Amino acid sequence: MGTLVLTMKASIIEMFLVLLVTGIHSNKEVTKKIKRLKFNVPQINCDVKAGKIINPEFIVKCPAGCQDPKYHVYGTDVYASYSSVCGAAVHSGVLDNSGGKILVRKVAGQSGYTGSYSNGVQSLSLPRWRESFIVSESKPQKGVTYPSALTYSSPKSPAAKAGETTKAYHRPPVPESTPQPGSVTQVLVVTAAEAAHTTLPKPSPSTASPTSSPRPQPVGHRSRGETDLWSTTTYTSSQNRPGANPGIPRQDASGAAFQKPVGADVSLGFVPKEELSTQSLEPVSLGDPNCKVDLSFLIDGSSSIGKRRFRIQKQFLADVAQALDIGPAGPLMGIVQYGDNPATQFNLKTHMNSHDLKTAIEKITQKGGLSNAGRAISFVTKNFFSKANGNRGTAPNVAVVMVDGWPTDKVEEASRLARESGINIFFITIEGAVENEKQHMPEPNFVNKAVCRTNGFYAFHVQSWFGLHKTLQPLVKRVCDTERLACSKTCLNSADIGFVIDGSSSVGTGNFRTVLQFVANLSREFEISDTDTRVGAVQYTYEQRLEFGLDRYSSKADVLNAIKRVGYWSGGTSTGAAINYALEQLFKKSKPNKRKLMILVTDGRSYDDVRIPALAAHLKGVITYAIGVAWAAQEELEVIATHPARDHSFFVDEFDNLYQYVPRIIQNICTEFNSQPRN
């Protein structure tokens with residue numbers, strides 16, 4: 001009996017082993033067959049945005065031609081989900097313009113996206129977006145199953161190809177990623193907004209021709225009225241206005257984008273509560289620190305521009321605001337509108353991010369009247385760039401003047417005063433005068449008379465309002481190029497000043513304190529910092545002493561305190577040796593882009609020769625001012641001073657009268673600076 005039981009057990013075990021081996025063999029065959037099946041990679045078009053695809057990670061195939069600039073991309077390396085998937089792949093270098101397969105992975109939204117030019121694609125900047133994605137080569141990761149059909153946020157999406165599955169997809173919650181609620185109402189909002197987009201009809205050549213429909217010409221100006229190129233065009237979104245860049249549309253909860261049609265009922269395009277709460281929690285960009293400028297736009301609100309052109313001008317401003325990335329650490333922007341008289345729409349500190357600024361621009365209403373741009377420039381010079389209006393003092397001041405045709409007043413004198421105040425004047429002229437209109441211009445060649453340099457950097461001429469958008473990127477690039485903003489360098493913020501002070505026995509302690517007060521009064525007039533004007537001082541008798549160098553103090557308060565602490569030395573008067581010493585100890589360390597100013601104060605004739613040291617200073621580009629007191633020799637002062645001597649040498653009979661020459665010396669310094677050629 002025991003033998004029978006053992007035999008039965010052995011048979012059962014043998015059968016089990018046979019079944020096990022057979023199953024393993026069968027599974028291997030199945031696995032091989034599965035591997036032999038070709039993976040079906042979904043194909044998408046170039047215009048498909050990542051936000052329209054719900055899948056968190058997927059492989060897709062892009063067609064050729066996605067390098068086209070009409071497929072907008074936002075960001076660098078990490079892209080906002082409002083970007084073209086395939087356009088981002090070309091920008092990142094994963095694909096070229098011939099297309100191919102890519103791996104896309106959704107990641108959390110970013111507080112800012114930086115635009116760049118790469119691989120033939122210009123991506124744009126964006127302050128923030130609720131969802132991002134990254135693109136890499138289409139190498140499947142182990143353990144990850146990729147969908148063979150994509151799931152879109154709207155079944156009517158143009159991205160969905162015939163036969164593709166558009167089933168509801170419930171995305172599991174992912175850390176650091178925004179949940180995607182799936183609401184029928186939200187999907188309908190997207191569809192309604194997409195249906196609202198229209199195509200701008202091309203104007204007929206006969207309509208656009210300035211000769212076929214001449215403008216009525218009142219004396220001194222032209223008047224277009226409302227019958228212009230745009231009279232038959234109805235805009236339904238900012239994206240189909242001429243000159244409009246894509247901007248930042250609002251989002252629905254799925255990450256898809258929509259825009260409210262102009263004039264449509266708000267109920268057709270409401271923003272879900274989920275979006276409002278999400279966006280309010282997102283950090284606001286502090287601005288692009290590589291473009292720290294204080295910017296004023298002077299916009300033409302005259303009657304001749306017409307209401308529709310005025311709207312195009314506002315759209316251009318909104319696009320500029322978006323491209324600049326407004327914020328306290330970067331550029332700030334205010335707007336002045338001019339007609340008969342100028343008025344500030346809002347100043348530099350009113351709106352501190354691009355979103356708020358664009359909203360404010362949309363609310364601007366047209367003033368009407370003439371195009372008095374000269375009066376507007378004067379207004380900006382006197383009123384706009386003040387501390388009370390948000391001017392930071394540490395950022396270049398820039399004024400961009402937009403003119404429809406030409407100004408009805410003169411701009412040269414107003415622009416000269418603006419330049420001398422350190423304001424960089426740019427001009428954008430749209431639809432300038434044709435030959436038979438030039439007789440009506442109050443100031444021919446007004447642009448070259450107004451801008452900071454007549455080298456083309458500060459001027460844009462646009463043949464038609466159709467082409468205004470083409471100036472967007474060049475303008476932003478130039479405005480942000482602070483090294484080339486020549487008018488930011490004024491007579492008060494662009495010098496290295498070395499004071500050479502006579503401390504000989506004949507001066508005396510009391511008079512020496514008066515000389516120091518004179519030095520302090522002059523220093524107080526300049527803008528002093530590491531990047532602006534710098535001040536150093538040397539005291540001399542028979543010997544020389546460096547009181548403080550140009551790089552010692554970086555604020556006006558520190559410089560004034562250092563001057564106050566200088567101690568009286570007493571001794572002889574070797575002025576020639578002092579000039580050589582200043583050249584070596586002060587101006588040898590001067591920055592190349594700084595004007596070098598030497599201000600020498602002495603009360604007597606030098607014991608040594610001053611001619612050779614003075615000539616050496618002049619040859620090295622040091623502008624020398626010689627101030628003599630009491631027993632100083634007039635002919636010696638004229639040798640020391642830069643030519644012409646009458647502008648650079650001064651004499652007073654008493655130390656107590658030194659203070660009277662402070663305004664004149666400052667005026668001469670600035671007059672000389674501003675007389676430099678503007679080319």
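For clarity, every value in this text was computed on a predicted model and none was experimentally measured.
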| Checking Q110 side chain against A108 main chain: does a donor-acceptor pair fall under 3.5 Å? | yes
| task | May I ask you to decide if C491's main-chain N or O and R595's side chain share a donor-acceptor pair within less than 3.5 Å? | result | no
| task | Identify the two heavy atoms, one from E547 and one from R552, that lie closest to each other, and give their separation to 0.1 Å. | result | O-NH1, 4.4 Å
| query | Are any of the side-chain heavy atoms of K292 and R392 separated by less than 4.5 Å? | reply | yes
| task | Test L586 against every option in V535, D496, L546 by the side-chain contact (heavy atoms from CB on, under 4.5 Å) rule and name the one that passes. | result | L546
| Under a 4.0 Å N-O cut-off, is there an ion pair linking E525 with K556? | no
| task | Give the C-alpha distance, both sets of side-chain angles, the deciding distance and a yes or no for side chain to side chain contact (heavy atoms under 4.5 Å, CB included) between N397 and N424. | result | CA-CA 6 Å; N397 293 338; N424 294 273; 5.5 Å; no
| field | Short side-chain to backbone donor-acceptor contact, D340 and L370, under 3.5 Å | value | yes
| Do side-chain atoms of D294 reach the backbone of L348 as a donor and acceptor pair under 3.5 angstrom? | no
| field | CD1-SG distance between I425 and C452, expressed to the nearest 0.5 angstrom | value | 6.0 Å
| Is a side-chain N or O of T359 found less than 3.5 angstrom from the main chain of H355, in a donor-acceptor match? | yes
| request: Test ring pair (Phe, Tyr, Trp, His ring centres under 6.0 Å) on W129 and Y82 and set out the steps. | output: CA-CA 8 Å; W129 201 249; Y82 190 59; 5.6 Å; yes
| task | State, with a plain yes or no, whether a side-chain heavy atom of S354 is found less than 4.5 Å away from one of L324. | result | no
| query | Is there a donor-acceptor pair closer than 3.5 Å between any side-chain N or O of S81 and the backbone N or O of A50? | reply | no
| Verdict with supporting geometry, Q315 and F310, side chain to side chain contact (heavy atoms under 4.5 Å, CB included) | CA-CA 9 Å; Q315 181 61 47; F310 188 73; over 6 Å; no
| request: Go through the side-chain N and O atoms of Y113 and S132 and say whether any donor and acceptor fall under 3.5 Å apart. | output: yes
| message | Is there a side-chain contact between Y338 and K367 in this structure, where contact means two heavy atoms from C-beta onward sitting under 4.5 Å apart? | response | no
| message | I'd like to know if the side chain of N347 pairs up with that of T350 as donor and acceptor (distance under 3.5 Å, no hydrogens or angles considered). | response | yes
| query | Do K314 side-chain atoms and E362 backbone N/O form a donor-acceptor pair below 3.5 Å? | reply | yes
| request: Without swapping roles, check the side chain of Y79 against the backbone of T76 for a donor-acceptor pair under 3.5 Å. | output: no
| Would you say V462 and K470 make side-chain contact, with heavy atoms under 4.5 Å? | no
| message | Please check: side-chain N/O of S123 versus main-chain N/O of G75, any donor-acceptor pairing under 3.5 Å? | response | yes
| said: Set out, in order, the CA-CA distance, both residues' side-chain angles and the distance that settles ring pair (Phe, Tyr, Trp, His ring centres under 6.0 Å) for H351 and F346, then state yes or no. | reply: CA-CA 8 Å; H351 304 292; F346 40 83; 4.9 Å; yes
| With sequence neighbours left out, what residues match T490 under side-chain hydrogen bond (donor to acceptor under 3.5 Å, both in side chains)? | N493
| Positive for side-chain contact (heavy atoms from CB on, under 4.5 Å) with I623, one of N668, L597, I599 | L597
| request: Report the C-alpha distance between S494 and T533 in whole Å, list the side-chain angles of each, state the deciding distance to 0.1 Å, and finish with yes or no for side chain to side chain contact (heavy atoms under 4.5 Å, CB included). | output: CA-CA 5 Å; S494 59; T533 290; 5.7 Å; no
| Between C86 and C66, is a disulfide (SG to SG under 2.5 Å) present by the stated rule, with each step listed? | CA-CA 6 Å; C86 298; C66 296; 4.3 Å; no
| request: Assess R478 against F457: is NZ or CZ under 6.0 Å from the centre of the six-membered ring, and within 45 degrees of the ring's axis? | output: yes
| field | Side-chain heavy-atom pair E431, R309 within 4.5 angstrom cut-off | value | yes
| task | Can you see which heavy atom on V479 is nearest to which on V293, and at what distance? | result | O-CG1, 3.5 Å
| Of the non-hydrogen atoms in I423 and C487, which two are nearest, and what is the gap between them? | O-CB, 3.4 Å
| query | Can the SG atoms of C291 and C480 be said to lie under 2.5 Å from each other? | reply | yes
| Note, N372 side chain near P407 side chain (heavy atom, < 4.5 Å) | no
| request: Report yes if the side chains of N561 and R565 come closer than 4.5 Å at any heavy-atom pair, otherwise no. | output: yes
| task | Would you name the heavy atoms of D325 and P331 that are closest together and state the gap between them? | result | O-CD, 3.4 Å
| query | When rounded to the nearest 0.5 angstrom, what distance separates CZ in R416 from CD in E413? | reply | 4.0 Å
| query | Can you find a pair of side-chain heavy atoms, one from D47 and one from S84, that are under 4.5 Å apart? | reply | no
| request: For the pair Y625 and M598, evaluate side chain to side chain contact (heavy atoms under 4.5 Å, CB included) and give the outcome as yes or no after the intermediate values. | output: CA-CA 6 Å; Y625 287 81; M598 181 189 298; over 6 Å; no
| said: Please tell me whether H91 and Q67 have a donor and an acceptor in their side chains that are separated by less than 3.5 angstrom. | reply: no
| query | Roughly how far apart are I665 CD1 and H648 NE2, rounded to 0.5 Å? | reply | 11.0 Å
| Residues, nucleotides or ligands: over 12 heavy atoms within 6.0 Å of R524 CZ | yes
| Looking at V336 and P342, what are the two nearest heavy atoms and their distance? | CG1-CB, 4.0 Å
| query | Roughly how far apart are I669 CD1 and I497 CD1, rounded to 0.5 Å? | reply | 6.0 Å
| query | When you check the gap from the basic side-chain N to the acidic O, do R534 and D551 get nearer than 4.0 Å? | reply | no
| field | Partner of F427 under ring pair (Phe, Tyr, Trp, His ring centres under 6.0 Å), chosen from F446, Y458, W406, F460 | value | F446
N/O donor-acceptor pairs under 3.5 Å from side chains in residues 376-384, not counting sequence neighbours:
| residue | atom | partner | partner atom | Å |
| --- | --- | --- | --- | --- |
| S378 | OG | G374 | O | 3.4 |
| T381 | OG1 | I377 | O | 2.9 |
| N383 | ND2 | F379 | O | 3.0 |

| message | Test your reading of the model: is there a side-chain donor-acceptor pair from N353 to the backbone of D356, 3.5 Å cut-off? | response | yes
| said: Quick check for you: to the nearest 0.5 Å, what is the distance between F297 atom CZ and I335 atom CD1? | reply: 7.5 Å
| request: For S116 and S118, test the side chains for any donor-to-acceptor distance below 3.5 angstrom and give the result as yes or no. | output: no
| said: Angle between ring planes, Y553 versus F548, binned at 30° and 60°: parallel, tilted or perpendicular? | reply: perpendicular
| query | Which heavy atom in V73 sits nearest to a heavy atom in G87, and how many Å separate them? | reply | CG2-C, 3.5 Å
| field | Distance in Å, L332 CG paired with L357 CG, rounded so as to fall on 0.5 Å steps | value | 9.5 Å
